[in-house]
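Working notes, structure below.
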Amino acid sequence: MPDIRLTRIDNRLIHGQVATQWCGVVGANLLLVANDAVAGDEFRQGLMNMAAPSYAQTRFFTLEKTINIIHKASANQHIAIICETPQDVLKLVEGGVPIKKVNIGNMHMADGKRQVATSVAVNDDDVATFKKLQELGVELEIKRVPDTPAESIDKLFK
């Protein structure tokens, strides 16, 4: 069973907050970005590698590769999975990745979205996806950084 310490939705993927605060708090030594676009974008990977702490390795996998390889993780890999969207997390869960809890950190405002929390904007598809994750037994948490209190997930469904 892979040691998944954190699964986070953050459309910025690896950046200062994830790299410095979350990794330290959860004890992650592997940042796994599960994102089809970034898996093939060496420029973006390079930028994210610069933000990663020196003690953590980085991996940039497609969703399919993440599903296929996560169960081969060694016991000494303490994994933080970072996804861009709730839909990506749902694909991982439905593909057998043992995600028990999702930290909803940052979902930017865009056309068709509504702001529901400090750093979270959703559309109807996002809401339906979060409901499906809950139905699959995944706990949801809205929390931008580790040292702030979690916001109520009820905000997602209003």
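Scope of the values below: all heavy atoms of this structure, side chains included, with no hydrogens, waters or symmetry mates. Residue numbers start at 1 and run along the sequence shown.
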I want to check something: taking the side chain as every heavy atom from C-beta on, are [X] and [Y] in contact at a cut-off of under 4.5 Å?
X	Y	answer
R44	L13	yes
V102	E141	no
T85	M107	no
V33	M48	yes
V127	R114	yes
T7	I82	no
Q57	N29	no
K143	W22	yes

Are more than 12 heavy atoms, taken from residues, nucleotides or ligands other than [X], located less than 6.0 Å from that residue's [atom1] atom?
X	atom1	value
D124	CG	no
Y55	OH	yes
K113	NZ	yes

Please check this pair: side chain of [X] against backbone of [Y], looking for a donor-acceptor N/O pair closer than 3.5 Å.
X	Y	value
Q77	S74	yes
Q115	A117	yes
R5	V26	yes
T62	A39	no
N68	E64	yes
H71	G96	yes
D36	L63	yes

Handout entry: Side-chain donor-acceptor pair present, N11, E84, cut-off under 3.5 Å
Key =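 There is no such pair between these side chains.
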
Handout entry: Stepwise side chain to side chain contact (heavy atoms under 4.5 Å, CB included) test for V97 and I4
Key = CA-CA 9 Å; V97 178; I4 299 171; 3.9 Å; yes

Do [X] and [Y] share a hydrophobic cluster, counting only Ile, Leu, Val, Met, Phe, Trp and Tyr and linking them when any side-chain heavy atoms are less than 4.5 Å apart?
X	Y	answer
L6	F60	no
M109	V120	no
V38	I70	no
I79	M1	no
V25	I81	no

Output the distance between atom [atom1] ([X]) and atom [atom2] ([Y]), rounded to the nearest 0.5 Å.
X	Y	atom1	atom2	value
K101	L133	NZ	CG	14.5 Å
L31	T58	CG	OG1	7.0 Å
M50	Q45	CE	CD	12.5 Å

Of all heavy-atom pairs between [X] and [Y], which one has the smallest distance, and what is that distance?
X	Y	value
A51	I14	CB-CG2, 4.1 Å
P2	P98	CG-CG, 3.7 Å
A80	A28	CB-CB, 3.8 Å
T129	P86	CG2-O, 3.4 Å
T148	V145	OG1-O, 3.0 Å
D3	H78	OD2-ND1, 2.5 Å

Practice task
For the pair H15 and D10, evaluate side chain to side chain donor-acceptor pair (under 3.5 Å) and give the outcome as yes or no after the intermediate values.
Solution key: CA-CA 9 Å; H15 59 91; D10 191 323; 2.7 Å; yes

Exercise for the section: Test K131 against E135 for salt bridge (Lys or Arg N to Asp or Glu O under 4.0 Å), laying out the working first. Expected result: CA-CA 6 Å; K131 285 180 181 173; E135 289 167 12; over 6 Å; no

Practice task
Take C83 and N35 through the test side chain to side chain contact (heavy atoms under 4.5 Å, CB included) and record every step on the way to the result.
Solution key: CA-CA 6 Å; C83 292; N35 182 278; over 6 Å; no

Exercise for the section: Indicate yes or no: does E139 engage K100 in a salt bridge with an N to O separation below 4.0 Å. Expected result: no

Practice task
Could you check D125, V122, I153 and say which one makes a side chain to side chain contact (heavy atoms under 4.5 Å, CB included) with F130?
Solution key: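 Among D125, V122, I153, the one that satisfies the side chain to side chain contact (heavy atoms under 4.5 Å, CB included) with F130 is V122.
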
